[in-house]
Amino acid sequence: MAAARPSESQPAPLDLPLKSAIARLANGVSPASLALAHLDWLMHLAVSPSKQAELASSALRKNLAFLQYLSQCAQGRGHEHCVEPRPDDKRFARPEWQAMPFGALAQGFLLTQQWWEEATHGVRGVSRHREDLAAFTVRQWLDMLSPSNVPWLNPQVLQKTAATGGANLAQGFANWWRDATAVAAHGKPRGVEAFRPGEGVALTPGRVVHRNRLIELIQYEPATRKVAKEPVLIVPSWIMKFYILDLTPEDSLVKYLVDQGHTVFMVSWRNPGAADRDLTLDDYLELGVLDAIEAVRAQCGHMPVHAAGYCLGGTLLAIAAAVLGARHEHVLKTVTLLAGQVDFEEPGELGLFIDESQIAFLEDLMAQPGYLDGRRMAGAFQLINSKDLVWSKLLHEYLMGAQTPMTAMRAWNADQTCMPARMHSEYLRRLYLDNALAEGGYTVRGKPVSLHAIRVPLFVVATERDHVAPWPSVFKVLRLVDAPVRFVLASGGHNVGIVSPPAGPAAHPGASYRWADHTASEAPEDTAAWLAASRQEPGSWWTAWEGWLRAHGSGEIAARKVPQVRFEGKVVPAPGTHVFED
């Protein structure tokens, strides 16, 4: 057996106390990775006089444009902005930001931000990853220093403070103190108690019908007299609690499928602890997907299964489908991937946190407890979308003194999960860093896996504003499987785009999706060409998926009763027991 590279070996015991302490202080982000990225950028910029001249020229043009803007404002003449924010940047959209001097503050900040964007990109010799990481960290600092975050520079805060006599700041401090003490005590955010699984969310009736050391399998009670012959198995990601797909009755994908006459099963992952440190990615495949498929078939007369996977659950399901295809085991009727990538060459901004230094840093962090605390992963997601998840909260709750009402989605997002050390290291290295699945180097128990072995029809959903699984990355599955694919691009982001009920109070106004069908390996490589050829439909993609499942089914049978399987002498109702593990 070949020796492991140093970065793949076990952390040295002598190093662990220091590295673990640094990792906790840095919230799991490698300082070495950040430092190397900025050093790479600075050193190459220092020996690039042409880039320096270009940036100096840009700074001069921006300053002249800004001075002209100030001059027009001072003369009381109509004036045009010298720079416009990005479409998704709403910090300066309110009318208060158009009046002087606040308009000047906003324009100056946006020009500065634009210049730094130019400065951190296009420096010859800097690796793509380090360029993106340097640009990302500079953007984080600029976002932190935005005038919208400074009480005495933000006109909305000043007006609120004057109107309330400063009560907004007092309430904002109380809000901050409440959140700070909750974080220090590892507590839950205010209001999540109203959304406890089985009480406020995860209310679809059912029972646990199968259990192993890693999962519980829930079968839901039928809501119709007849059901489709083929059952539906849903595999969520192990980095989330399953009830994202069974929130309130108004926005539950599970309830929608049950109401449409499907027999639905759901995998609920166990939240791992120190004893699970050596669970592998192969264990997750075998115990989490393959064993669940067999259990579903045993409950349903060995019918083939419509299998669906969300996020990394979709990635794992694609691996399982490839393994089963290579074995010529015809147990799957169709495969559905919901925001699930199989090619990780361009994983979006999440890839900024994945390189040798970062993974080694996380391995050091996981070495002592045996798992990665879900709060570390949550922190990475907050950094990726900091304008919405961090700075908008600073303004709304801490400066304006408002209280954001808790929702089912926000409560679910706070219900974090852990990841076993070995499995987490394997999937970061094998899937993200090496991109082994797409490039033909992925193995299961030593045997190679090829996605071309997938021959059953696929329904693939991506979302337009996905920070976790960008849709051009999800799109690449079309060139990696030898199967017919319906590709759907839904409006929304990674969670809201998937949880998109077609009707009722939880339906998203303006929701839409684009779609196109493709025969095996004949999809366009260019996403722009796909967009031009696709069809756009208003509303939720749920209805299209349910119709597609029907079209790929083989009729109906009498509704299946959910068996009363006993575990330690007890029948376990949905949502099971794993969902309550912290």
### Task
Please work out which of the three classes, parallel, tilted or perpendicular, describes the rings of His424 and Tyr427, given edges at 30° and 60°.
perpendicular
#### Entry: Partner residues of Tyr284 under the ring pair (Phe, Tyr, Trp, His ring centres under 6.0 Å) criterion, sequence neighbours left out
Trp238, Trp269
### Message
Please check: side-chain N/O of Ser491 versus main-chain N/O of Ser512, any donor-acceptor pairing under 3.5 Å?
### Response
yes
### Message
Between Asp132 (side chain only) and His129 (backbone N and O only), is there a donor and an acceptor less than 3.5 Å apart?
### Response
no
#### Entry: Between NZ on residue Lys476 and OG1 on residue Thr527, distance to nearest 0.5 Å
10.0 Å
### Query
Under the 3.5 angstrom rule, does the side chain of Arg430 hit a backbone N or O of Gly441 as a donor-acceptor pair?
no
### Message
If the test is side-chain hydrogen bond (donor to acceptor under 3.5 Å, both in side chains), which one of Arg422, Arg429, Gln358 qualifies with Glu363?
### Response
Arg429
### Task
Considering non-hydrogen atoms only, spot the tightest contact between Asp246 and Ser252 and give its length.
OD1-OG, 2.6 Å
#### Entry: Within-4.5 Å side-chain heavy-atom neighbours: Leu233 and Ile293
yes
### Query
Can you name the residues that form a ring pair (Phe, Tyr, Trp, His ring centres under 6.0 Å) with Phe242, not counting sequence neighbours?
none
### Query
Looking only at heavy atoms, what is the nearest atom pair of Val499 and His508, with distance?
O-NE2, 2.7 Å
### Query
Is it true that Asp343 and Arg479 make a salt bridge, defined as a side-chain N closer than 4.0 Å to a carboxylate O?
no
### Task
Enter the distance from Leu489:CG to Ser534:OG here, rounded to the nearest 0.5 Å.
7.5 Å
### Query
Distance-only, no hydrogens or angles: does the Arg455 side chain make a donor-acceptor pair with backbone N or O of His328 under 3.5 Å?
no
### Query
Does the distance from a Lys or Arg side-chain N to an Asp or Glu carboxylate O, for Glu581 and Lys241, drop under 4.0 Å?
no
### Message
Between His262 and Tyr256, does the ring-ring contact (aromatic ring centres under 6.0 Å, His included) criterion hold? Intermediate values first, please.
### Response
CA-CA 9 Å; His262 293 276; Tyr256 173 77; 8.5 Å; no
## Note on the structure
Looking only at heavy atoms, the pair that brings Ala307 and Leu332 closest together is CB-CD2, 3.9 Å
### Task
Look only at the side chain of Arg207 and the backbone of Glu221, and say whether a donor-acceptor pair between them is shorter than 3.5 Å.
no
### Message
Is any side-chain heavy atom of Leu549 closer than 4.5 Å to one of Phe459?
### Response
no
### Task
Test Glu556 against Arg225 for salt bridge (charged side-chain N to carboxylate O under 4.0 Å, His left out), laying out the working first.
CA-CA 10 Å; Glu556 294 185 329; Arg225 294 179 61 187; over 6 Å; no
### Query
How many angstroms lie between atom OG1 of Thr463 and atom CH2 of Trp541, to the nearest 0.5 angstrom?
10.5 Å
### Task
Indicate yes or no: does Arg270 engage Glu216 in a salt bridge with an N to O separation below 4.0 Å.
no
### Query
Using the ring of each side chain (for Trp, its six-membered ring), is Phe475 parallel, tilted or perpendicular to Trp530, with breaks at 30° and 60°?
perpendicular
### Query
Is the backbone N or O of Met240 less than 3.5 Å from a side-chain atom of Ser237, with the two atoms forming a donor-acceptor pair by type?
no
## Note on the structure
Closest non-hydrogen atoms of Leu290 and Ala320, given as atom of the first, atom of the second and distance, are CD2-CB, 3.8 Å
### Query
Taking the side chain as C-beta and beyond, is there a heavy-atom pair between Leu437 and Ile319 under 4.5 Å?
yes
#### Entry: Side-chain heavy atoms of Ile498 within contact of Leu245, under 4.5 Å
yes
### Query
Stepwise, does the side-chain contact (heavy atoms from CB on, under 4.5 Å) test hold for Val201 with Trp412?
CA-CA 9 Å; Val201 292; Trp412 165 84; over 6 Å; no
### Query
Would Glu230 and Arg297 pass as an ion pair if we require N to O under 4.0 Å?
no
### Message
In the structure I gave you, are the side-chain heavy atoms of Pro575 and Tyr243 within less than 4.5 Å of one another anywhere?
### Response
no
### Query
Under 3.5 Å, side chain of Asp466 to main-chain N/O of Trp471, donor-acceptor pair present?
no
### Query
Between Asp283 and Arg213, is there a salt bridge with N-O shorter than 4.0 Å?
no
### Message
What verdict does the side-chain contact (heavy atoms from CB on, under 4.5 Å) test give for Asp291 and His210, after you've listed the backbone C-alpha separation in whole Å, the side-chain angles of each residue and the deciding distance to 0.1 Å?
### Response
CA-CA 10 Å; Asp291 187 51; His210 179 73; 2.6 Å; yes
## Note on the structure
One should read off an interatomic distance between Asn212 CG and Leu217 CG, to the nearest 0.5 angstrom, of 9.0 Å
## Note on the structure
On a heavy-atom basis, the closest approach of Leu458 and Ala483 is CD1-CB, 3.8 Å
### Shortest non-hydrogen contact from Pro502 toward Thr543
CB-CG2, 3.8 Å
### Query
Quick one: does Phe195's side chain get under 4.5 Å of Asp415's, heavy atoms only?
no
### Message
As an exercise, state the distance from NE2 of His578 to CG of Leu214, rounded to the nearest 0.5 Å.
### Response
7.5 Å
#### Entry: Steps toward side-chain contact (heavy atoms from CB on, under 4.5 Å) verdict (Arg277, Gln368)
CA-CA 10 Å; Arg277 63 185 309 127; Gln368 289 180 328; over 6 Å; no
### Message
Checking the side chain of Thr417 only, and the main-chain atoms of Ile239 only, is there a donor and an acceptor separated by less than 3.5 Å?
### Response
yes
### Query
Can you find a heavy atom in the side chain of Tyr513 that is under 4.5 Å from one in the side chain of Ser500?
no
### Task
Inspect the surroundings of NZ in Lys255 and state if more than 12 heavy atoms from other residues, nucleotides or ligands are less than 6.0 Å away.
no
### Verdict with reasoning, Leu253 to Trp542, per side-chain contact (heavy atoms from CB on, under 4.5 Å)
CA-CA 8 Å; Leu253 178 59; Trp542 287 13; 3.6 Å; yes
### Task
Using only heavy-atom distances, determine whether the side chains of Gln219 and Thr263 contain a donor-acceptor pair under 3.5 Å.
no
### Summary
The reported gap from CE in Met366 to CE in Met423 (rounded to nearest 0.5 angstrom) is 8.5 Å
### Query
Is there a side-chain contact between Trp545 and Val461 (heavy atoms, below 4.5 Å)?
no
